[in-house]
Amino acid sequence: METVGGLLREWRHSRRLSQLDLALAAGISPRYVSLVETGRSRPSAAMVLRLAAELDVPLRHRNRLLVAAGFAPRYRERPLDGPDMSAVRDAVARVLGAHEPYPALVVDRRWNIVMTNAPAGHLLTHVDPALLAPPVNMVRLGLDPRGLASLIVNLDDVRAFLHARLARQVARTGDPVVGALYDEFFADQERDGPVPRPASEVAVPMIFRLPEGELRLFSTITTFGTPEDITLDEVSIESYYPADPDSAALLHSLAQARPASEPGPDGFVPRVG
């Protein structure tokens, strides 16, 4: 049976913090941290959330901590296409639409694409339809030879960057599905030797060689501030920008050649697949 003390200890170890480190960050005594972890003291719900915040525990796992401590979960998880998330969908759809003619998409915690704008679909015309069967996974699209990998000129740089991002995510969340995704693309490479570090962890351009010309893109990631919903805590908007004037011109020409699709119901742009 899970205990709140045992779970907190696991998160503390994963963050490579001592009991003293956690106590100082939370403004409590190291002895109290020890008592909680060994089950000799039962923390309040507020204290559980306080320690979880200092440990940067994802909202999904904060619920698990609360339940283990004998309290009700605090954070709800509502599907993005649910009726009570219409305001969120509308806001996200506006962000995606405003980014046109540049590609943008929304991914969930397991890198599955849940929304796109029309320019993102322009790139996916070069992908094997088998990879577009839901759920469509962004990592597989980028690294599978049937996906975009065959079009990416600097594939080694992109692989190194994705390796670093997935490794950090596995360490932060412990998600087994993300761990399996990591193993799918990087376990064999690690057995053959160290995975190269990305040339930059700030902005690694992706260089595509398309039939229409070379396209150089860099990306930014947008997340929801102070989310109180698990779904919002776990989705992000990946926006792509042209890295040079020629790439900007190419994206504009693609948009003119392939008109944007009409939005679906409730502000959704067409889903991939």
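Because only heavy atoms are used, hydrogens play no part in the values below, and waters and symmetry mates are left out as well, while side chains stay in.
Of the residues Arg74, Arg76, Arg78, the one that meets the salt bridge (charged side-chain N to carboxylate O under 4.0 Å, His left out) test with Glu228 is Arg74.
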Give the C-alpha distance, both sets of side-chain angles, the deciding distance and a yes or no for side chain to side chain contact (heavy atoms under 4.5 Å, CB included) between Arg159 and Leu143.
CA-CA 7 Å; Arg159 282 182 61 87; Leu143 298 182; 3.4 Å; yes

Evaluate the criterion side chain to side chain contact (heavy atoms under 4.5 Å, CB included) for residue pair Leu22 and Gln19; output intermediate values, then yes/no.
CA-CA 5 Å; Leu22 178 57; Gln19 289 182 344; 5.9 Å; no

Candidate pair Leu65 and Val57, rule side chain to side chain contact (heavy atoms under 4.5 Å, CB included), full reasoning
CA-CA 9 Å; Leu65 286 167; Val57 177; 4.2 Å; yes

Would Leu49 and Phe71 count as a side chain to side chain contact (heavy atoms under 4.5 Å, CB included) if you check the C-alpha gap in whole Å, the side-chain angles of each, and the deciding distance to 0.1 Å?
CA-CA 11 Å; Leu49 293 175; Phe71 302 106; over 6 Å; no

Taking it one step at a time, do Arg110 and Asp175 satisfy salt bridge (charged side-chain N to carboxylate O under 4.0 Å, His left out)?
CA-CA 8 Å; Arg110 290 171 170 170; Asp175 190 312; 3.1 Å; yes

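When every heavy atom of Ile152 is checked against every heavy atom of Gly142, the shortest pair comes out as CD1-O, 3.7 Å. Here the shortest heavy-atom pairing between Thr223 and Ser236 reads CG2-CB, 3.9 Å. Looking at every heavy atom in both residues, Thr173 comes nearest to Pro58 through CG2-CG, 4.0 Å. Considering all non-hydrogen atoms of both residues, Leu59 and Asp233 come closest at N-OD2, 3.2 Å. When every heavy atom of Ala26 is checked against every heavy atom of Leu51, the shortest pair comes out as CB-CD2, 3.9 Å. Between Ala23 and Pro30 the shortest heavy-atom distance is CB-N, 3.5 Å.
Using a 4.5 Å heavy-atom threshold, the side chains of Val95 and Thr222 count as separate. Counting heavy atoms from C-beta outward, Asn112 and Pro134 have side chains that stay 4.5 Å or more apart. Annotation: side chain of Leu251 is in contact with side chain of Leu217 (closest heavy-atom distance under 4.5 Å). Using a 4.5 Å heavy-atom threshold, the side chains of Thr231 and Pro79 count as separate. Residues Arg15 and Asp56 have side chains in contact (heavy-atom distance under 4.5 Å, counting atoms from C-beta outward). In this structure, Leu141 and Ile113 have side chains that are in contact, with non-hydrogen atoms separated by less than 4.5 Å. Annotation: side chain of Tyr32 is not in contact with side chain of Arg40 (no heavy-atom distance under 4.5 Å). At a threshold of 4.5 Å between non-hydrogen side-chain atoms, the residues Leu80 and Asp108 do not count as touching.
A continuous path of Ile, Leu, Val, Met, Phe, Trp and Tyr side chains, each step under 4.5 Å between heavy atoms, connects Val4 with Leu17, placing both in one hydrophobic cluster. Grouping the Ile, Leu, Val, Met, Phe, Trp and Tyr side chains by contacts below 4.5 angstrom, directly or via other members, places Leu35 apart from Val33. Residues Met138 and Leu155 share a single hydrophobic cluster, defined by chaining ILVMFWY side chains whose heavy atoms lie under 4.5 Å apart. Linking ILVMFWY residues whenever their side-chain heavy atoms come closer than 4.5 Å, directly or via other members, leaves Tyr182 and Val177 in distinct clusters. No continuous path of hydrophobic side-chain contacts links Phe224 to Tyr75 [ILVMFWY only; heavy atoms under 4.5 Å].
Asn117 places a side-chain N or O within 3.5 Å of a backbone atom of Ala120 that can act as its donor or acceptor partner. With hydrogens and angles ignored, the 3.5 Å screen pairs a side-chain donor or acceptor of Ser247 with a backbone N or O of Arg216. Within the 3.5 Å criterion, the main-chain N or O of Leu232 finds a donor-acceptor partner in the side chain of Asp229. A side-chain donor-acceptor contact under 3.5 Å links Arg89 to the backbone of Gly82. Formation of a donor-acceptor pair under 3.5 Å by the Arg209 side chain with backbone atoms of Val153 is not found in this model.
Residue Leu148 holds its CG atom at 6.5 Å from CG of Leu123, rounded to the nearest 0.5 Å. For the atom pair CZ (Phe208) and CG (Leu250), the distance works out to 11.5 Å, reported to the nearest 0.5 Å. To the nearest 0.5 Å, atom CH2 of residue Trp11 and atom CZ of residue Arg64 are 8.0 Å apart. One distance of note links CZ of Arg168 with NE2 of His163; it measures 10.5 Å at 0.5 Å rounding. In this structure, CZ on Arg16 lies 13.0 Å from CG on Asp21, to the nearest 0.5 angstrom. Leu124 contributes atom CG, which lies 6.0 Å from atom CG of Leu132 (distance to the nearest 0.5 angstrom).
Arg140 and Glu184 are joined by a salt bridge, as a carboxylate oxygen and a charged side-chain nitrogen come within less than 4.0 angstrom of each other. Between Glu238 and Arg165 there is a salt bridge, since a side-chain N of the basic residue sits under 4.0 Å from a carboxylate O of the acidic one.
Atom CZ of Arg31 has 12 or fewer heavy atoms from other residues, nucleotides or ligands within 6.0 Å. Counting non-hydrogen atoms of other residues, nucleotides and ligands closer than 6.0 Å to CZ of Arg42 gives a total above 12.
Under the 6.0 Å cut-off for aromatic ring centres, His99 and Tyr240 do not qualify, their centroids lying 6.0 Å or more apart.
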